[in-house]
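Here is the structure we will look at.
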Amino acid sequence: LYWIATTHLIACYVGGDESESTCDQQDPNGDERMRQILETRHFMERLVGEAPAILGGDFNFSRTSRYYPAMTSRVIPADPTIVNTLKDSALDGAGWTEVGEQNVVTERIDYIWSRPGSGSAKRWQAHEGAALIFTEPVALPGGSSIPISDHPILAASFCLIHPEQDPEIQGCRAQRP
């Protein structure tokens, strides 16, 4: 059994200047976004157990944001709003890895994350790093054009490999650096 899911976390609403640092420091919805990240991780990691998983969507934070480590840390950070959680406890997972070129649009807020699972189960291996597609405006009748969306499509390819075998032998090369 393999899991693939998508989500959309609350956006940054701080007025006209929605810069990265403003959203990190002054966003009145920041605590809610962190709760959503933690809830997403708890839900997904309980749901999938040791199985590999892929999670994508609009996370509304950038790589340099204070929220990014909450997805990538090996353990789920404690939710300060829930009294019964211990710091850095909960599920001792593998963390989630962003699948993508590290130099693609640093302000990007859409991600595809993978989690390898554990044990001898097959795991997801990125075949190609994530790439943005449909980034050009669409021509309209009359000569004007509009963006297809305020979020270009983020696409990646994966294959399932057995952890004890070389990915190259299984026809899946590692993600490009």
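FYI, the numbering just counts along the sequence from 1. Any value given below was found using the heavy atoms of this structure, including those in side chains, with hydrogens, waters and symmetry copies removed. Nothing here was measured: the structure is a model prediction, and the numbers come from that model.
With values rounded to the nearest 0.5 angstrom, Ile76 atom CD1 is found 7.5 Å from Leu38 atom CG. The distance from the OG atom of Ser65 to the CE atom of Met34 is 7.5 Å, given to the nearest 0.5 Å. Annotation: the span from Asp27 atom CG to Arg66 atom CZ amounts to 8.0 Å, rounded to 0.5 Å. In this structure, the separation between CG on Leu9 and CZ on Arg35 is 12.5 Å, given to the nearest 0.5 Å. Summarising the geometry, atom CD belonging to Glu32 is positioned 8.0 Å from atom CD belonging to Glu39; distances are rounded to the nearest 0.5 Å. A distance of 6.5 Å separates CG of Asp110 from CG of Leu154, quoted to the nearest 0.5 Å.
Both cation-pi conditions hold for Arg33 and Tyr67: the charged atom is under 6.0 angstrom from the six-membered ring centre and inside a 45 degree cone around its axis.
A heavy-atom distance below 4.5 Å is not found between the side chains of Ile153 and Leu132. Looking only at side-chain heavy atoms (C-beta outward), Thr72 and Thr97 stay at 4.5 Å or farther from each other. Residues Val99 and Ser114 have side chains in contact (heavy-atom distance under 4.5 Å, counting atoms from C-beta outward). Counting heavy atoms from C-beta on, the side chains of Met71 and Phe61 come closer than 4.5 Å.
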Given Tyr111 and Trp96, is the side-chain contact (heavy atoms from CB on, under 4.5 Å) satisfied, shown in steps?
CA-CA 11 Å; Tyr111 297 95; Trp96 293 79; over 6 Å; no
In sequence, state the C-alpha distance, the side-chain angles, and the governing distance for Phe59 and Ile109, and then conclude on side-chain contact (heavy atoms from CB on, under 4.5 Å).
CA-CA 6 Å; Phe59 286 80; Ile109 58 176; 5.9 Å; no
Go through the steps for Arg115 and Met44 under the test side-chain contact (heavy atoms from CB on, under 4.5 Å), then give the verdict.
CA-CA 10 Å; Arg115 184 171 167 264; Met44 286 298 295; over 6 Å; no
Is there a side-chain contact (heavy atoms from CB on, under 4.5 Å) between Gln36 and Ile10? Walk through the geometry before answering.
CA-CA 8 Å; Gln36 289 176 333; Ile10 193 165; 3.5 Å; yes
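You'll find the ring centres of Phe158 and Trp113 outside the 6.0 Å limit.
Looking at every heavy atom in both residues, Ser145 comes nearest to Pro137 through OG-CB, 3.7 Å. Closest of all the heavy-atom pairs between Ala155 and Ile112 is C-CD1, 4.1 Å.
Scored by the side-chain hydrogen bond (donor to acceptor under 3.5 Å, both in side chains) test, Asp58 finds His8, Asn60, His151 as partners (sequence neighbours excluded).
When atom types are taken as modelled, the side chain of Arg63 and the backbone of Tyr68 share no donor-acceptor pair closer than 3.5 angstrom. Judged by distance alone, the side chain of Thr7 and the main-chain N or O of Gly57 form no donor-acceptor pair under 3.5 Å.
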